[in-house]
Protein chains: 2
Amino acid sequence: MAIGRRPGAYVCGIDAAMDVIGGKWKVLILWVLHERPHRFGALRRAVPGVTEKVLAAQLRELEADGIVHREEYDEVPPRVEYSLTARGETLNEALGPLGAWGRENLLGGATASHGVPGLVGQEAAR
Amino acid sequence: MAIGRRPGAYVCGIDAAMDVIGGKWKVLILWVLHERPHRFGALRRAVPGVTEKVLAAQLRELEADGIVHREEYDEVPPRVEYSLTARGETLNEALGPLGAWGRENLLGGATASHGVPGLVGQEAAR
DNA sequence: CTGTATCCATAGCGATACTG
DNA sequence: CAGTATCGCTATGGATACAG
């Protein structure tokens, strides 16, 4: 409990989880952050097509749900680093089978993995 | 491949899968159909709050994606039965860990399971 | 560099009525 | 019974400009 934006409105764990990862870019953000922490600008470049406003909004929601950690350094120029929390890591692992299903059934097994431990490489390095 | 509504637009298996289960009611439909086939009206009653139009639309998409099978019986009164395909069953299984994550992290482990084989009971019978 | 503010486009969803 | 048609709302997301 304590997280999720519609407390008490879920009929099973799946739709609760869907609420957390339902944003258009969230699984991509998860995918990128799983490899290593990113700052805002790097994240924006790593998630092609997202605008600043939307990226900021999705990060806020993921932060509110305890998935990502936001570390603000009081420097100049400003620096903010985003990383996965422990809960974010477990969510990423729970997403593994779904990613495998998608690769096998939707992509023909041709594309990069989704950060399942032991399968992720340097694809998202950039 | 051959399924998914944005062929070639995915960066990893996860967002491809998200496209398939992204509708507001789709995971619920999956949950209900996993237990046993349902006809349209029964499905509508089993998924509380959905309207006919939206239910029909989501079923069409799931059918186009090869997740559900639509069996039309030429009787009077008309009868149509919806069931999961083999691909739908594997998708349901791939959703298992995510549902477990949601129950543990969002619901406190209090709610019914999502049809993970061996865990589903009569909760969705209704 | 890391955001917020403003405005706008659209997709998805919902209610109701109607048809084969 | 099993849908389709029509209408419209609202939430999400996108583009651009501006701020700390």
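Each chain gets a letter, A, B and so on, in the order its sequence line appears, and its residues count up from 1.
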For the pair made of [atom1] in [X] and [atom2] in [N], what is the distance, rounded to whole Å?
{"X": "B/Arg79", "N": "D/dG3", "atom1": "CZ", "atom2": "C1'", "result": "16 Å"}
{"X": "B/Lys26", "N": "C/dA11", "atom1": "NZ", "atom2": "C1'", "result": "13 Å"}
{"X": "A/Glu81", "N": "C/dG3", "atom1": "CD", "atom2": "C1'", "result": "16 Å"}
{"X": "A/Glu61", "N": "D/dA11", "atom1": "CD", "atom2": "P", "result": "13 Å"}
{"X": "B/Leu55", "N": "D/dC1", "atom1": "CG", "atom2": "P", "result": "15 Å"}
{"X": "A/Glu72", "N": "C/dT4", "atom1": "CD", "atom2": "C1'", "result": "14 Å"}
{"X": "B/Leu59", "N": "C/dG12", "atom1": "CG", "atom2": "C1'", "result": "16 Å"}
{"X": "A/Tyr73", "N": "C/dG3", "atom1": "OH", "atom2": "P", "result": "13 Å"}

Could you check A/Ala56 against A/Pro77 and say which one's nearest nucleotide on DNA chain C is further toward the 5' end?
-> A/Pro77

Do A/Leu55 and A/Trp25 have side chains that get closer than 4.5 Å, going by heavy atoms?
->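 Answer no - side chains too far apart.
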
If a protein heavy atom is under 4.0 Å from the base, mark B; if only from the sugar-phosphate, S; if neither, -; do that for nucleotides 15-20 of chain C going 5' to 3'.
-> B-B--B

Is [X] near enough to [N] that one of its side-chain N or O atoms lies under 4.0 angstrom from OP1 or OP2?
{"X": "A/Arg39", "N": "C/dT2", "result": "yes"}
{"X": "A/Lys24", "N": "C/dA11", "result": "no"}
{"X": "B/Arg44", "N": "D/dC1", "result": "no"}

Classify [X] by what it touches in the nucleic acid, base, sugar-phosphate, or nothing, heavy-atom distance under 4.0 Å.
{"X": "B/Gln58", "result": "sugar-phosphate"}
{"X": "B/Arg70", "result": "sugar-phosphate"}
{"X": "A/Tyr82", "result": "sugar-phosphate"}

Please identify each residue that fulfils side chain to side chain donor-acceptor pair (under 3.5 Å) with [X], with sequence neighbours left out.
{"X": "A/Arg60", "answer": "none"}
{"X": "A/Glu81", "answer": "none"}
{"X": "A/Arg70", "answer": "A/Glu72, A/Tyr82"}
{"X": "A/Glu63", "answer": "none"}

Where [X] and [Y] come nearest, the two heavy atoms and their spacing:
{"X": "A/Ala17", "Y": "B/Leu106", "result": "N-CD2, 3.6 Å"}
{"X": "B/His34", "Y": "B/Glu89", "result": "CD2-OE1, 3.3 Å"}
{"X": "B/Val68", "Y": "B/Leu59", "result": "CG2-O, 4.0 Å"}

Can you tell which of A/Lys26, A/Arg87, A/Glu61 makes a side chain to side chain contact (heavy atoms under 4.5 Å, CB included) with A/Ile67?
->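 Filter result, single survivor: A/Arg87.
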
Starting from the first five and the last five pairs of the helix from C/dC1-D/dG20 to C/dG20-D/dC1, work out the angle between the resulting helix axes, to 10 degrees.
-> 50°

Passes side-chain contact (heavy atoms from CB on, under 4.5 Å), B/Met18 versus A/Met18? Steps please.
-> CA-CA 9 Å; B/Met18 288 298 302; A/Met18 286 299 301; 3.9 Å; yes

